[in-house]
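Notes for the one structure printed next.
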Amino acid sequence: MTNWEQFLFTFFNAKVMAAYLPKIIDGFFLTVWLALLIVLSGLALGLLLAVVRSFRIRPVNWLIVFLVDLFRALPPLVIIVLIYFGLPSVGLAPSGFVSTWLSLTFVLAAFAEEIFWAGILAVPKGQWEAARSTGMGFAQTLGWVVLPQAVRLTIPPLTNRTIAITKGTALGSVVAVAEILSQASAGVSFSSNPSPLTLGAIAYLVLFVPVVAFGRWVETRFAWKR
Amino acid sequence: MLSGGAILEARGIHKHFGHLHVLKGVDLVVAPRELVFIIGPSGSGKSTLLRCCNRLEEPSSGSVVVDGIDLLDRRTDINAARRRIGMVFQSFNLYPHMTALGNVSLALRRVLGRSREEAEEIAHAALRRVGLDEKANAYPLELSGGQQQRVAIARAIALEPRVMLFDEPTSALDPELVGGVLKVMRELRESGMTMVVVSHEMGFARAAADRVLFMDHGLVVEEGPPAQIFGEPRAERLRGFLRDLDRH
């Protein structure tokens, strides 16, 4: 075999790829589902925390800042392992899927809270004053005037962070979540050939290139000159 | 003037910012349909006094009663009271994510609970009053500074306030845009609106004001009809202030 044939046999082995394609497709849809859950719950929780923080109740804010710093400091894999292997000792036994979902949700929520909060602070004070001077209350002003502007300001950093954390679904392979990477490495072990990993890489591209493109579109769609 | 008939009555207002004593016991009493002009050098406390009148700034002591409502009473619903007090800012502060129509109708819907149709009808009428109904669907960034300020005036008058506060409404405008805003203010005055104006537009003060207050260092130094304030100023600080204005 020439080097080139050797390379193709190793990484683009058609027979192996055909055999493991169904598994990779299963892993693909599980990853999509997991990523979707993480994005929805992570962003929602992050926004909720930022809104609560804007009421500036001191002890509550200390707690939020502490939790946010905690989840921004810990490596996501450590959180997944702690939840998966640690919670059974207190009588809860989350599945690998739930552990990964919760962990990445907390991490995304922590980063999203900081980003939303920075966005809220970036809205000029005059916007608050104008709305309050028309008789709108604090919550109304926040909801109708400040948040729509804050969210728009935060879309670029938010899409970047969301994509980065969603890719962390690959960490679920450590706690037996049958997502793309997990299916691919199982395929590699069974077939003694790395081609399933190639398939896995392609699956990630198919999933995340559109997401990245979507992020770019959202950024331009919601950008507005100030 | 009988204080009982006043629309706005601020008495003995003090305001401290940390160690800074910005207002040192100021009275501001405004009768219905009156236009009161407040002039003075920057840092004299005139904007702070105005902002105390709708409690955007909390006075350190004193009392503020607007349309019979004690603004500083803890039991007062401040949002309900603020509906009766329109405010126009130096930097317009239009909501950039909403059209002119959206800016004017927001409080009508969320504060007064009007339906979308009602709110937009009132908003269109308010925009007509400031001569900008054809810009109803424009976003603030698509408008000139003067147009933005007129939309901001429409946003305030749409709520039918009992008194309007203007905080240097033309200071951020290019000179050629000032006239349009002053024209709207003059029409507002002719329609009988009670107004308190902090501004450096002395020509407008001379022509339209009923009374002029000169403030310096947190106090009202001199007060009277414009003819007296500009024609026969008594206080040395007022004379100096007017001399400096002439020089520019």
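Proteins come first, then strands; the chains are lettered A, B, ... in the order of their sequence lines, and each starts at number 1. Since we're looking at a predicted model, the values are computed, not measured.
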* List the atom of B/N79, the atom of A/G135, and the distance in Å for their closest heavy-atom pair. => CB-O, 3.2 Å
* To do: Please tell me if the side chains of A/T134 and B/R155 come closer than 4.5 Å, counting only heavy atoms from C-beta onward.
  => yes
* Asked: Where is the tightest heavy-atom contact between A/P148 and B/H97, given as atom of each residue plus distance?
  -> CB-CD2, 3.5 Å
* Hey, is NZ on A/K23 packed in by over 12 heavy atoms from elsewhere, all under 6.0 Å? -> no
* Output the distance between atom CD (B/E57) and atom CD (A/E129), rounded to the nearest 0.5 Å. => 7.5 Å
* Any idea which heavy atoms bring B/P96 and A/Q149 closest together, and the distance? -> CG-OE1, 3.3 Å
* **A/W117, CH2 atom: more than 12 neighbouring heavy atoms under 6.0 Å** => yes
* Any chance CZ of A/F29 has more than 12 other-residue heavy atoms, nucleotides or ligands included, within less than 6.0 Å? -> no
* **A/R72, CZ: over 12 other non-hydrogen atoms inside 6.0 angstrom** => yes
* To do: Measure distances from B/Y95 to the heavy atoms of chain A and classify the residue's part below 4.5 Å as side chain, backbone, both or neither.
  => both
* To do: Please state whether the side chain, the backbone, both or neither of A/Q140 comes within less than 4.5 Å of a heavy atom of chain B.
  => side chain
* Structure fact -> If one checks every heavy atom of B/L94 against chain A at 4.5 Å, the contacting part turns out to be backbone
* **Under 4.5 Å from any heavy atom of chain A - which part of B/R51** => side chain
* Do B/N93 side-chain atoms and A/G126 backbone N/O form a donor-acceptor pair below 3.5 Å? -> yes
* Neighbour count >12 (heavy atoms, 6.0 Å) for atom CZ, B/R162 -> no
* Structure fact -> If you tally heavy-atom pairs under 4.5 Å between each of B/L106, B/L112, B/L165 and chain A, the highest tally belongs to B/L106
* Asked: At what distance, to the nearest 0.5 angstrom, does CD1 of B/I85 lie from OG of A/S133?
  -> 9.5 Å
* Would you say B/E121 has more than 12 foreign heavy atoms packed within less than 6.0 Å of its CD? -> no
* **Within 6.0 Å of CD in B/E160, more than 12 heavy atoms from elsewhere** => no
* Asked: Counting only heavy atoms not in A/F214, do more than 12 fall under 6.0 Å of its CZ?
  -> no
